[in-house]
S.K.: 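Okay, here's the structure, questions in a sec.
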Amino acid sequence: MNQCNYCQSYDVERVHRKFYQRIFIRRIIQCRQCEQVHKWFKYDFLNKSNTAHD
């Protein structure tokens, strides 16, 4: 289950990735409560400090 890292809400939705983003990004979700966007990258060197891992 996806959860927002900022407000801890489970009310999140998947965001459709653009074609070029599919190469680098595994999943994008946006929180409906705080509007924060989370991105899961496929490669470790692209991971930012504010992203969660599976």
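For reference, positions follow the sequence shown, starting with 1.
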S.K.: State the CD1-CZ distance between Ile29 and Arg14, to the nearest 0.5 angstrom.
M.R.: 8.5 Å

S.K.: Looking only at heavy atoms, what is the nearest atom pair of Tyr20 and Phe24, with distance?
M.R.: O-CD1, 3.9 Å

S.K.: Just how far is it from atom SG of Cys7 to atom CZ of Arg32, taken to the nearest 0.5 Å?
M.R.: 12.0 Å

S.K.: Is the Lys NZ or Arg CZ of Arg26 less than 6.0 Å from the centre of Trp40's six-membered ring, within 45° of the axis?
M.R.: no

S.K.: Roughly how far apart are Cys31 SG and Asn2 CG, rounded to 0.5 Å?
M.R.: 11.0 Å

S.K.: How many angstroms lie between CZ in Arg17 and CD1 in Ile23, if you round to the nearest 0.5 Å?
M.R.: 11.0 Å

S.K.: Kindly give the heavy-atom pair with the smallest separation between Val15 and Gln30, and that separation in Å.
M.R.: CG2-CB, 3.7 Å

S.K.: Enter the distance from Gln33:CD to Tyr6:OH here, rounded to the nearest 0.5 Å.
M.R.: 16.0 Å

S.K.: Measuring from Arg27:CZ to Phe41:CZ, what's the distance to the nearest 0.5 Å?
M.R.: 13.0 Å

S.K.: Do the side chains of Ser9 and Cys34 get nearer than 4.5 Å, heavy atoms only?
M.R.: no

S.K.: Please determine whether side chain to side chain donor-acceptor pair (under 3.5 Å) holds for the pair Gln3 and Gln8, giving the CA-CA distance in whole Å, both sets of side-chain angles, and the decisive distance to 0.1 Å.
M.R.: CA-CA 6 Å; Gln3 183 179 13; Gln8 308 306 315; 3.2 Å; yes

S.K.: Just wondering, do His16 and Ile28 contact through their side chains at under 4.5 Å, heavy atoms?
M.R.: no

